[in-house]
Structures are given as structure tokens and as C-alpha cells.
Amino acid sequence: MFDGKGNGRVQAQSLPLRLRDLRFERGGQRLLDIPALSIAPGEPTLIMGPNGAGKSVLLRLLHGLEAPTSGQVLAGDAPLDEATRRRQAMVFQRPVILRRSVRANLAFALHGRRMSRAEKADRIDALLRMARLSDRAAQSGRSLSGGEQQRLALVRALATEPDVLFLDEPTASLDPGATQAIETLIREASATGTKIVMVTHDPGQARRLGGEVLFLNKGHLVEQTAVEPFLDTPATDAARRFLRGDLLV
Amino acid sequence: MSALSVSLRLILSGDPDLWEIILLSLRVSLFAVLIAALIGMPLGAALAVGRFPGRQVLLVLLNALMGLPPVVVGLVVYLMLSNAGPLGVLQLLYTPTAMIIAQVLLVTPIIAALTRQAVETLNEEYADQLRSLGLSRLGSVPTLLWDGRFALMTALLAGFGRAIAEVGAVIIVGGNINHVTRVMTTTIALETSKGNLSLALALGLILILIALSVNAAVALLGTTAQRTAYV
Ligand SMILES: Nc1ncnc2c1ncn2[C@@H]1O[C@H](COP(=O)(O)OP(=O)(O)O)[C@@H](O)[C@H]1O
Ligand SMILES: [Mg+2]
């Protein structure tokens, strides 16, 4: 994507992402209970599981949008802090597009970063090309189609060259064409060294992106397995039922 | 000759007394809205995103202030500014400044409340994304204000509408002194009671025109926001 990526980048600070004795409760309900989890650098990590399993909550905890009730979120060997958070980025299921032009949406992500004006302009131009939105740069971001908005949200998240990119069902409301465009961008980001941590309900998507699957059920981490074996020969009953049910829908 | 035709002639001939009154009205109310915006917008935004002790109390207070009868606000400002009052030394009673103060007190709660509402709604949508991009709660206020700009302009217009049409407070603290503190509403009240209906009617027409313009501006803002896919 951008040259210089990987050079001098200290991945150790952001990865592995680990949970230790993590519990998250809200309204008297234990929503997440994960004694140990480690997310290593490399291939994408895909989070799967039934609705309400705690997938979104897990992403929010890993990104520091929520604080655990007890236990720890660790990045590298240190607790997740503000500096590490700034080396992460997130794309939400429904893209949040600021009420400004496409270009200004991208510039917003670079605000306050130590770059010259020219560097920023170059970076924004590159991001626009990546998202295939170069000819829409001056247009209001919110006048774009759903797929275009999600592409914009995705390259905006990549603007700061994050070490880790979280995605929460980014293609859930998109048609196949738009989904393919998003998956291409995700693969490119992954290939250039950004760790992808993504919630998906689509086994086909999991297979296309590769990597490992975290299977969550009722707030528990049930399996952490490579994608192919998880989909072909799930080890647990819960995963088997989930995959059968999901494919039938 | 009917009062209406005389009043129309007053307006169309550019009667200097009439224009003096109109311009003072505009000056007082625009200035009051400007000050109210400088106080009310940051206050409203802080109430929308902040989680500080006393926030709930402030919210209740704000709503109560919004419903304050203008006459009471006028009375309070009068007591503050009168010779015996704590700010009596400033000798502000019966000046345009006193009227501005009264209108600021009336308009600030409106602007603050509308700002809070607009920013809170926007923040529900933006909060996670802005946090993800590294902004703190307080750090996201400028973004929320800017992206809520259409709603905030509507709030300003609402404040101006209230200020320019208000009579109870400014008549108490301004005193309706000819060539000094006479504004449209107070003049209408006085001239009507004196039976001079043509001047009252002329000012009434202008006031209606201003109210209509404010409403038209609000509507225009709304359609512009829609058209530019701002919403
Ligand atoms: N802030 C919250 N307060 C209370 N309950 C919540 C909160 N966030 C999520 N939940 C609940 O936690 C469970 C897991 O939510 P979520 O992580 O969004 O599930 P999913 O796996 O579908 O993404 C759900 O039952 C949801 O209702
Ligand atoms: Mg979810």
C-alpha cells in the first residue's frame, strides 16, 4: 500500500493482543468470560458465533472502546494504553461517515499526525485511489452508496497505517459486488502487514480471507482453530450446530 | 385615512424614526444572540458529551430557565442593575446594554438546550468512531459542533426569533426611552396604548416580516442540508 511499511515498525507493541482472566459484565449479566486468549501477528483472525455471543463486545474490548469488568487486555506485554490504541483502527458494521466531503473524511483521520501538508495530500490521494473514489473526492461523503461509504470508512481506518484493524461485520449489509471490493481491500491491508481482526457471520468469507477462527458462544471462547479445519471438521457441538444453522439460513 | 395605509407609507418612505427603532431592535437582538451563542453552544456541547457531577442539576436548571417568563427575567436584571443593586455602579439601567443582558439571559438557555439536543444525537452516532480515531470525549466537541452546524444555525435562528419578539424584559430594563432604548416591541406596546395605531402597525408588519424571514431561513437550511446529503 504505502512504501516504508514494515520498515522500522515495531509490531511487538501492538501484538500479540492478549486477554487474561477477562470478564465483562453489564446490567448484572456476564457478557464475556475469557480466561485466556492470544491473537498473534500474521494471517487474519476471524471471529464467528451466533447473534449475541459477544463478538462485538470482544472487538470493543480489544480496541479499548470498553473497559473490562475484571481481567486485562494486553498489547504486546503491556496493558492496552492510549498510544497502542492509536496504532489500532476499527470499521463498524454501519459506516460512520462525517458530514463532510469524501476527502475531508480522510483528512480527518490524519489530523494531528506528524506529517507535512504535502505528505498528507499524497496519502489522501493514495487512499482515494485504493477505494476507487478519486473522482468523488469533493462530493459529500454521505451521498455515496452503502458500498462506497464502507470503502471510504475502510480506507479512512487504514489512513494511519494501523498495526491492527478491527472490522465488525463490515459487509453484513452489502451486496456481493460491494462485498468483494471490501474483501480485496482487506486482503491488501493484510498483505502489507496490518493484522486483521474481523467479525463475520459468513463462512464463505472466512474461507476466502483465511487465517484462524475464534468461535464464540454465549460469551465463551469455544474454539480457536485455523479456518479450514474449523469449517470442515468443527471440534465442538456448538460450532457444528452454528455452521449447520448458518448455512441453512 | 386608515391606519394601515399610513403605516405602509411610513415603511415605504423610510421614515427615520421608524428605521431608528428597527435598527436598534436588530442591533440589540443580534448582539444578544451572539453572546448567547458563545455561552450556550459550549455549555450545551459540554452537557451533551460530558459526564461530570452536577450535570443532571444543570440539565434541570437549563430546562427551568428556558421556561422563565420574560417579565421575571426583566425584573431580576432590573434589580441587579438598579442603583441599589449589586451592579448599580455600572449605570446600565435604561441603556441598550441592559436590554442585551436581559435578552442574553432569555436566549442562552434556548441555544444551550437545542445545542445539547443536537450534539447528543450526533454523538450517539459518532462517539465510537471518534473514540476509535483517537479523540477524547471533550476533544470530539469541535467535530460534533461542526458536523451539527445546520442544527446549530437553526438554534441561533430560534434564539433570534425569541429575542426580537420579546417585550416583557426589555421594557422593564430599557424603559422605552425615545431615541435611546425604543425597540419594535416596546414601541408597539406604547403607541397602541396611546392610540397611535399607524406606527404600531408599521412596526408590527416589519416584525412579522422578520419572523417570516427567520422561518424561511430555517426551512431553507433544512432543504440545503438534505440536498447536500449532510443529514
Ligand atoms: N452496553 C451493553 N449493555 C448491556 N448489554 C449489552 C451491551 N452491549 C452488548 N450487550 C449484550 O451483550 C450480548 C452480546 O452482544 P454483542 O457482542 O453485540 O453480540 P454479537 O456477538 O452479536 O456481536 C448481547 O446479548 C447484547 O444484548
Ligand atoms: Mg455484533
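To find a chain, count down the sequence lines: A is the first, B the second, and so on, and within it residues start at 1. As a basis for the values below, the full set of heavy atoms in this structure was taken, side chains included, without hydrogen atoms, waters or symmetry mates.
Taking a cutoff of 4.0 Å between a charged side-chain nitrogen and a carboxylate oxygen, B:E125 and A:R99 qualify as a salt bridge.
Within the 4.5 angstrom heavy-atom criterion, no atom of A:L144 approaches chain B. Heavy atoms closer than 4.5 Å to chain B are found in both the backbone and the side chain of A:A109. For A:E82, the part lying under 4.5 angstrom from a heavy atom of chain B is the side chain only.
Here A:N105 contributes atom CG and B:Q129 contributes atom CD; the two are 9.0 Å apart, rounded to the nearest 0.5 Å. Note that the OG atom of B:S132 and the CZ atom of A:F92 stand 5.0 Å from one another [nearest 0.5 Å]. Atoms CZ and CG, on A:F108 and B:L135 in that order, are 5.0 Å from each other to the nearest 0.5 Å. Separating the CH2 atom in B:W146 from the CG atom in A:L98 is a distance of 12.5 Å, to the nearest 0.5 Å.
Chosen from A:R86, A:H63, A:M90, A:R100, the residue pairing most often with chain B at heavy-atom distances under 4.5 Å is A:R100.
Taking a 6.0 Å sphere around CZ of A:R94, one finds it holds 12 or fewer heavy atoms contributed by other residues, nucleotides or ligands. Residue A:R114 places its CZ atom among 12 or fewer non-hydrogen atoms of other residues, nucleotides or ligands, all under 6.0 Å distant.
The main-chain N or O of B:L133 is never found under 3.5 Å from a side-chain atom of A:R85 such that the two would form a donor-acceptor pair.
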### Query
How far apart are the C-alpha atoms of B:R131 and A:R60, what are their side-chain angles, what is the distance that settles it, and do they pass the side chain to side chain contact (heavy atoms under 4.5 Å, CB included) test?
CA-CA 11 Å; B:R131 193 86 190 87; A:R60 297 170 59 79; over 6 Å; no

